[in-house]
Amino acid sequence: MSRACKQKRIWQLVFIFAVGILVNANSLETKVVVDFTRADAMVNRGLFSYQGFMQIRESGDPFGLDTFKLVNPADTDTRLEIWINRMEPENDDNDPHHFNWEKFYPEKMIRFIDDGSKFLNEVEELGMEPLLLLCYTVDWLRDPKDPEVPVRDIDEWVEYACAVVESINKSGNEYRLRARLVEVWNEPNLKMFWTGSEKLYMDLFNATAERIHKNYPGVLVGGPALTRIPQCQPEKWMKDFLKSCGKNADFISYHTYGESVEKIISDIKKWAEEFRKIPGKENGKVMITEADNWRFTHHSWDKIKYMIDRQMALIDIQDLMWSFHHFCVMAYRESGNYEFGIVYPDGAIIEGTFWPFWLFRNHIGEQCYVYVDNSVSPYLRCVASRYSTPDGAMKNIVLYNKGTQRVSIPMMVFLPDEKDLILLYSKVTKNYRGLEKVEKTRPGRNNRLSMRVELEAGEGLALTFVEPNRPVFVNNDLNYQMRPYLELRPVRNEINIGDTFTLRARVLNTLLNPIHGELRIMRLPESWKVQTKGNTRIEGLPFGKEQSCEFRIQATAPVAGEVIAPYLVLVSDKEVSEQTGIALPHSIPVHITVKNPIRLQSNPAPIEAVPGETNTAGLLIVNQTRTQLNGTVEIRLPTGLKATIKQKTFVVKPKNYVRKTFDFKIPKNTTPGLRKGMFIVRLGGYEYPTEFEIKVHSKALAKTALPVNLKAYFNFDSVAYYDNRLDYDRNKMGEFVFPADFIPSGRVVRMFGVPFDFPALDDGKKNCVLPQGQKIPVPRGHYDAVAFIGFGHDGKHPGVWSLIYSDGSEQPINSEIPEWCTPPPAGMRWVMNCPYRYIATGPAEPACQLFYWEIPVNPKKELNAIRLPVMKNAYIFCITVLQK
């Protein structure tokens with residue numbers, strides 16, 4: 001018998017004698033030994049990394065970041081998008097090996113962030129390591145002769161990449177390896193992000209990696225960050241990348257969405273093996289830089305089980321992985337009723353992803369010895385770790401029952417000494433998620449601790465041993481030694497105006513001293529009525545004990561945004577009654593949807609106006625009920641602007657909508673700038689306010705402007721209202737559609753002083769022109785430009801437009817229709833902003849826009865008509881001819 005087998009047998013015998021065999025007829029029994037005196041590797045905390053930390057930091061609500069810290073970002077990576085158009089909006093100079101720092105903007109190079117140095121300091125303080133995603137291109141770097149070539153000069157792009165690294169790590173005597181990880185581009189096998197050839201990307205990667213390796217020792221460069229969409233040929237791309245770029249790659253990366261745990265693990269093993277075949281890459285590792293699974297509802301029990309199972313499986317192969325980035329930190333709706341992410345900006349959580357990460361929050365430090373006897377139940381998983389700092393030490397065990405039967409688990413835990421400890425039970429079950437209980441414990445003879453726990457199918461349990469009054473993570477009280485544990489749970493998460501609902505509150509004293517104070521619900525609308533059931537007063541609650549009560553709340557007023565996120569606080573006797581918020585002991589906020597009978601949307605958003613004109617503010621009123629609604633709507637304008645009619649009545653049929661418009665005058669002496677107005681809808685005794693913006697520009701874009709009637713040329717339906725989201729040419733356009741709620745319908749709209757004749761957007765109607773070479777007549781005259789409103793999707797849409805003059809000549813003009821979810825190209829403008837698109841199941845991020853652009857006309861000739869290019873996935877709503 002080998003030494004390893006003897007040792008295993010000895011452990012089995014020790015366990016049996018120490019614990020005995022207890023059989024429960026209703027459950028399987030699996031014995032577990034954890035030895036915290038033995039460690040064999042460091043925990044790869046990178047497996048709990050995240051995409052999109054920038055958004056939660058910039059959200060402006062301190063609770064979002066506070067809740068995120070509860071999953072413990074220490075020792076994880078965070079993928080930060082570094083955009084060339086923010087870092088180098090124009091070429092610094094003509095020498096790609098010289099940095100003209102006056103033309104680089106490192107403070108703004110990170111997407112969403114305007115204070116880069118401060119932000120990176122915060123990343124470092126949280127213990128996270130930045131992964132710099134170097135991505136995309138800029139107009140000055142595109143090939144003017146071929147718009148399909150995103151980078152005409154590789155050396156110039158490489159200069160940008162090196163400037164990013166040097167701006168963080170510095171150079172010479174100041175060089176410090178502060179940013180160690182670099183990823184080159186994002187999903188280059190998807191045309192939306194990379195329009196060039198595969199070879200061009202490989203050349204770009206090699207040039208970038210070689211120069212970074214030469215100039216910045218210790219910086220690791222990886223890619224190709226592939227999408228797994230089958231039609232994008234991810235297998236071919238990765239094989240070609242390994243052949244062409246493997247010698248320069250320090251890690252390989254790709255993305256995984258919607259795949260099973262088994263598939264994820266199998267592919268990681270496969271690509272790690274392929275990578276390690278390349279000479280010099282014997283320890284090559286895989287990095288997954290985006291991941292999630294929309295096949296499970298994001299708040300469901302099935303999603304929680306999937307996530308725990310996934311993380312356990314990743315731990316098994318942690319030596320093949322550099323890091324695994326979940327998409328993303330902040331809630332991000334891209335697929336209708338499915339939300340990616342971990343937390344909302346207001347600190348409420350996405351249960352399916354938050355609780356699994358929270359369960360593993362203390363799996364950090366050294367990985368300790370674990371023995372699991374799976375002879376009866378082969379599906380019990382267990383990992384253990386130990387971690388220490390000068391502030392204190394912590395031991396942690398995570399158990400997961402992957403099987404379909406209840407498991408009874410007799411455990412023997414070996415601890416390094418006989419210190420008094422506090423043991424926290426963090427439970428994730430179908431009916432409960434949170435800190436279940438806390439107790440004092442002390443090892444027995446030979447520093448052994450015997451215990452038994454029970455796990456139903458799919459349940460997870462974390463057992464955390466901490467030293468009393470020595471919190472390990474002082475930046476955030478992960479293990480509740482600095483304040484008691486508070487919990488708030490709604491009986492239901494969706495209510496109507498006027499409903500009464502219940503919030504259940506619980507406080508568990510995790511402190512060694514008794515606690516006192518008053519439980520209160522915060523962040524409720526002021527006019528809502530609150531009653532309590534049970535005692536909200538805490539009087540000397542001892543360690544390990546809990547107290548519960550209920551708050552009965554009536555929703556007596558509408559809520560902007562239809563969502564509230566209340567939380568529970570404990571206000572102690574020593575604190576003034578007005579002190580509230582994040583400084584107090586508080587629970588995780590909870591999300592409650594407050595359904596209004598109507599849905600409101602102002603359009604256009606914003607209103608682009610000029611002094612001296614009469615403009616129009618529009619409001620869409622949607623009846624979300626099955627009864628007819630009668631009400632009034634009032635417009636409130638900023639000082640100096642006057643509406644011709646201030647109030648209107650409306651009647652809206654069940655599940656239908658009405659449109660209301662208000663004309664208002666902008667005096668000639670109005671100064672340019674942003675102003676805000678308000679619609680007030682009164683219905684059933686309640687007021688429903690919605691804000692709109694007016695951007696006043698200095699002057700009109702044209703002296704004379706004539707809209708072109710396109711009704712006879714409408715050949716496509718590219719928009720849909722929320723309540724009929726399949727009412728568009730779906731078989732040609734795909735699953736995403738532009739939200740009609742945000743666009744004016746069937747009226748002339750003035751933007752920048754220019755009138756545009758918008759189509760009627762009623763269900764079942766064609767409402768735009770898909771360019772197919774049509775010849776469109778215009779009012780004959782001498783013009784300076786032709787202005788367009790439209791959008792494209794699935795990439796930009798370049799083409800040749802022909803201006804047809806009355807003398808029979810034609811003038812070809814190169815132009816394009818931009819992609820709806822991207823910033824406007826040079827010389828173009830956003831004119832209508834929508835926070836999302838629609839798919840069949842609901843709103844879907846990211847934001848999308850309509851664009852304004854012009855084509856110049858020879859003013860010496862009389863324009864007669866316009867011939868459109870032939871395009872796919874690009875649409876025109878309006879055309880207006882301009883005399884400037």
Side-chain angles (χ1 to χ4, degrees), residues 63 66-67 69-70 347 358 361-362 391-396 415 418-427 432-444 449 451 453 461-489 502-523 530-551 566-590:
F63 276 91
D66 187 70
T67 301
K69 289 179 182 178
L70 290 175
W358 177 84
R361 69 193 187 278
N362 291 321
D391 298 310
M394 176 180 68
K395 285 87 181 167
N396 191 66
L415 294 157
E418 296 184 11
K419 288 182 180 179
D420 290 332
L421 297 170
I422 293 176
L423 173 57
L424 301 101
Y425 292 76
S426 301
K427 204 77 174 284
Y432 178 76
R433 293 125 205 197
L435 186 61
E436 186 181 48
K437 63 179 179 177
V438 59
E439 62 188 23
K440 296 177 184 176
T441 190
R442 185 181 180 87
L449 181 66
M451 56 192 303
V453 295
L461 172 65
L463 303 169
T464 305
F465 299 87
V466 294
E467 301 172 43
N469 292 324
R470 297 191 69 193
V472 178
F473 301 106
V474 293
N475 68 325
N476 199 67
D477 192 12
L478 295 175
N479 294 305
Y480 313 104
Q481 293 205 64
M482 299 170 69
R483 58 188 184 187
Y485 177 74
L486 273 66
E487 187 176 85
L488 188 65
R489 293 191 177 275
T502 299
L503 293 175
R504 291 174 177 162
R506 169 178 173 253
V507 57
L508 172 65
N509 187 10
T510 55
L511 306 179
L512 295 180
N513 297 321
I515 59 173
H516 308 262
E518 182 78 21
L519 293 175
R520 298 179 187 172
I521 301 292
M522 306 305 299
R523 212 156 53 178
V530 180
Q531 293 181 324
T532 59
K533 181 180 179 181
N535 193 2
T536 61
R537 182 71 193 171
I538 306 297
E539 294 285 4
L541 187 69
F543 169 82
K545 299 299 181 180
E546 62 180 69
Q547 183 172 317
S548 300
C549 65
E550 291 184 355
F551 293 85
Y567 59 93
L568 179 70
V569 297
L570 177 63
V571 182
S572 73
D573 298 332
K574 295 179 181 179
E575 290 162 332
V576 295
S577 59
E578 290 81 9
Q579 184 176 357
T580 59
I582 204 164
L584 295 175
H586 63 270
S587 70
I588 296 172
V590 295

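Because the structure is a prediction, the values reported are computed rather than measured.
Checked by atom type and distance alone, the side chain of Thr536 never pairs as donor or acceptor with a backbone atom of Glu518 at under 3.5 Å. Proximity of a side-chain donor or acceptor of Arg442 to a complementary backbone N or O of Glu418 within less than 3.5 Å is detected. A donor-acceptor pair under 3.5 Å is absent between the side-chain atoms of Ser587 and the main chain of Glu487, judged by distance alone. No donor-acceptor pair under 3.5 Å is formed between the side chain of Glu467 and the backbone N or O of Val472. Judged by distance alone, with hydrogens and angles left aside, the side-chain atoms of Arg470 form a donor-acceptor pair with the main-chain N or O of Asp391 at under 3.5 Å.
Looking at heavy atoms from C-beta onward, Val438 lies in side-chain contact with Phe543 at the 4.5 angstrom threshold. For the pair His516 and Ser572, the minimum side-chain heavy-atom distance is 4.5 Å or more. Within the 4.5 Å cutoff, side-chain heavy atoms of Leu568 are placed close to those of Leu519. Side-chain contact between Arg361 and Asn479: present, with at least one pair of heavy atoms (C-beta onward) separated by less than 4.5 Å.
Lys437 forms a cation-pi arrangement with Tyr425, by the criterion of a distance under 6.0 Å to the ring centre and an angle within 45° of the ring axis. Note that Arg520 lies outside the cation-pi zone of Phe551, set by a 6.0 Å cut-off to the ring centre and a 45° limit from the axis.
Contacts of Thr441 classified as side chain to side chain contact (heavy atoms under 4.5 Å, CB included), with partners at least two apart in sequence or in another chain: Leu421, Leu423, Leu449, Phe465. Qualifying side chain to side chain contact (heavy atoms under 4.5 Å, CB included) partners for Arg483, counting only residues two or more places apart in sequence or in other chains: Asp66, Asp477, Pro585, His586. In terms of the side chain to side chain contact (heavy atoms under 4.5 Å, CB included) criterion, residue partners of Lys533 (sequence neighbours excluded) are, by chain and number, Glu550.
Listed here is the closest heavy atom pair of Leu570 and Leu486: N-CD2, 3.5 Å. Closest approach of Cys549 and Gly534 over heavy atoms only: CB-C, 4.1 Å. Across Leu503 and Pro566, no two heavy atoms sit closer than the pair CD1-CG, 4.1 Å. For Ser426 against Trp358, the heavy-atom pair with the smallest separation is CB-CH2, 3.3 Å. Here the closest heavy-atom approach between residue Pro468 and residue Ile422 is recorded as CA-CD1, 3.9 Å.
Rounding to the nearest 0.5 angstrom, the gap separating the OH atom in Tyr432 from the NZ atom in Lys427 is 9.5 Å. To the nearest 0.5 Å, atom CG of residue Asn535 and atom CD of residue Gln547 are 5.0 Å apart. Atoms CD1 and OH, on Ile588 and Tyr485 in that order, are 6.0 Å from each other to the nearest 0.5 Å. Taking CD of Glu546 as the reference point, atom CD1 of Ile538 lies at 10.5 Å (rounded to 0.5 Å). In this structure, Leu424 CG and Leu478 CG are separated by 11.0 Å, a value rounded to the nearest 0.5 Å.
A side-chain contact (heavy atoms from CB on, under 4.5 Å) with Leu541 is found for one member of Ile515, Leu511, Leu508 and no other, namely Ile515.
A side-chain donor from one of Asn362 and Thr464 sits under 3.5 Å from a side-chain acceptor of the other.
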- request: Dump the intermediate steps for side chain to side chain contact (heavy atoms under 4.5 Å, CB included) on Asn469 and Leu512, then the final yes or no.
  value: CA-CA 8 Å; Asn469 292 324; Leu512 295 180; 3.5 Å; yes
- request: May I have the step-by-step check of side chain to side chain contact (heavy atoms under 4.5 Å, CB included) for Thr510 and Gln481, ending in yes or no?
  value: CA-CA 6 Å; Thr510 55; Gln481 293 205 64; over 6 Å; no
